[in-house]
Amino acid sequence: MKILETIDYNTKIVGIIGHPIKHSFSPKMHNFTFQLQGLNYIYLPFDIQTSNLADSLKSIGVLGIRGLNVTIPHKEKIIQYMHHVSEEASTVGAVNTIVNEGNQLFGYNTDINGIIESLNPYKDEVTKSTVTVIGAGGAARGVLYALIRHFKVKKINIINRTEERSEAIKDYFKAKMHFDNIKTFELMAKENLEIYKSSKLIINTTSIGMFPNVDDSPTDLEESFNSSQIVFDLIYNPLKTKFIKLAEKQGATIINGLKMFVVQGAKSFELWTGNSMDIDFMYEELAKSLK
Ligand code: NAP
């Protein structure tokens with residue numbers, strides 16, 4: 001492999017920390033682009049358990065790592081270890097990109113860029129509408145921020161397995177963004193069918209249905225969806241989750257997580273290298289390998 005031939009004393013290291021990490025396509029996307037652009041960088045996956053998070057961040061400075069992406073389940077916890085946090089990441093309360101500038105760790109949230117790019121084609125329909133967000137983790141926080149600030153939605157329903165977490169996120173956004181039209185529901189609540197039906201946009205931000213658990217879905221009820229809805233699943237592996245397939249069968253407009261994935265990655269790439277990634281080219285390459 002060509003990238004191995006270029007590794008030397010000057011090679012800059014970037015990577016991703018999370019757990020589990022083995023299904024991430026980020027190493028493929030970034031290493032491919034470093035090679036295309038002739039940049040002396042390498043992108044590595046680091047499987048880090050929550051108990052090792054603080055120690056792993058100390059090593060960034062020691063090893064001279066240029067930056068990291070942050071994924072499940074660390075996006076929220078990691079914010080406390082940053083020296084500087086962007087305005088957006090601070091409002092959201094989650095960091096997915098770290099840049100090391102002279103041992104100072106700068107935290108950003110590039111998921112927001114990916115969410116906005118994915119939903120922008122439907123902006124007119126989404127603005128002032130009722131939206132249901134499934135999940136209350138780090139990715140859900142980015143989604144809520146974009147829905148409130150960029151799309152100016154009217155009402156948000158949050159459906160999540162752990163009620164305390166959805167209550168916490170509701171209180172957080174009420175305090176941070178002064179948005180108080182959020183209602184929370186348990187994942188298996190009886191009223192969820194009506195909640196789904198009354199939503200213009202439904203977004204799955206959980207990992208339910210992600211490879212290898214492709215037979216799982218946050219809802220198994222086809223009646224949850226209709227042809228006037230937009231249904232967005234942040235998962236990109238598989239490209240069509242069971243959730244997306246059900247929505248498509250009912251005639252809904254569907255969006256998978258691949259555009260978001262490429263856009264958030266391109267923004268991280270730019271923060272580390274100062275270079276741009278060819279988003280359309282990368283989207284096509286990854287779509288081919290995921291099919
Ligand atoms: P996270 O902070 O760990 O949150 C995970 C969320 O999923 C929580 O709401 C959790 O519910 C829920 N969940 C997980 N397993 C579940 C299960 N078996 N049953 C019910 N609920 C379950 O993770 P995250 O960073 O938000 O990421 C969530 C998903 O978004 C992942 O699939 C990730 O790949 C995807 N994502 C995609 C992109 C992209 O670029 N396309 C970017 C970011 C994230 P509890 O609160 O009950 O634990």
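Whatever order the structure lists ligands and atoms in, that order sets their numbers, starting from 1. Nothing fancy with the numbering, it's 1 onward along the sequence.
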Original post:
Can you name the residues that come within less than 4.0 Å of ligand 1, going by heavy atoms only?
Top reply: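 Residues near ligand 1: Ile72, Pro73, Lys75, Glu76, Asp111, Gly135, Ala136, Gly137, Gly138, Ala139, Asn160, Arg161, Thr162, Arg165, Leu187, Thr205, Thr206, Ser207, Ile208, Met210, Leu234, Ile235, Tyr236, Gly257, Met260, Phe261, Gln264.
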
**OP:** Could you point out which residue of Ile134, Leu187, Leu234 forms a side chain to side chain contact (heavy atoms under 4.5 Å, CB included) with Thr206?
**Re:**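 Option passing the side chain to side chain contact (heavy atoms under 4.5 Å, CB included) with Thr206: Ile134.
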
Original post:
Does a side-chain heavy-atom distance below 4.5 Å link Asn69 with Trp272?
Top reply: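 A side-chain contact under 4.5 Å exists here.
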
Original post:
Do Leu53 and Tyr81 come within less than 4.5 Å of each other through their side chains, counting heavy atoms only?
Top reply: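 Result yes, sub-4.5 Å side-chain heavy-atom pair found.
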
Subject >> Pair Ser166, Thr184: side-chain N/O donor-acceptor within cut-off below 3.5 Å >> reply: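 There is no such pair (donor and acceptor under 3.5 Å, judged by atom type) between the side chains of Ser166 and Thr184.
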
Original post:
Does the ring center of Phe225 lie less than 6.0 Å from the ring center of Phe243?
Top reply: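 Under 6.0 Å, so yes.
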
Subject >> Verdict with supporting geometry, Ser289 and Glu285, side-chain hydrogen bond (donor to acceptor under 3.5 Å, both in side chains) >> reply: CA-CA 7 Å; Ser289 56; Glu285 285 299 306; over 6 Å; no

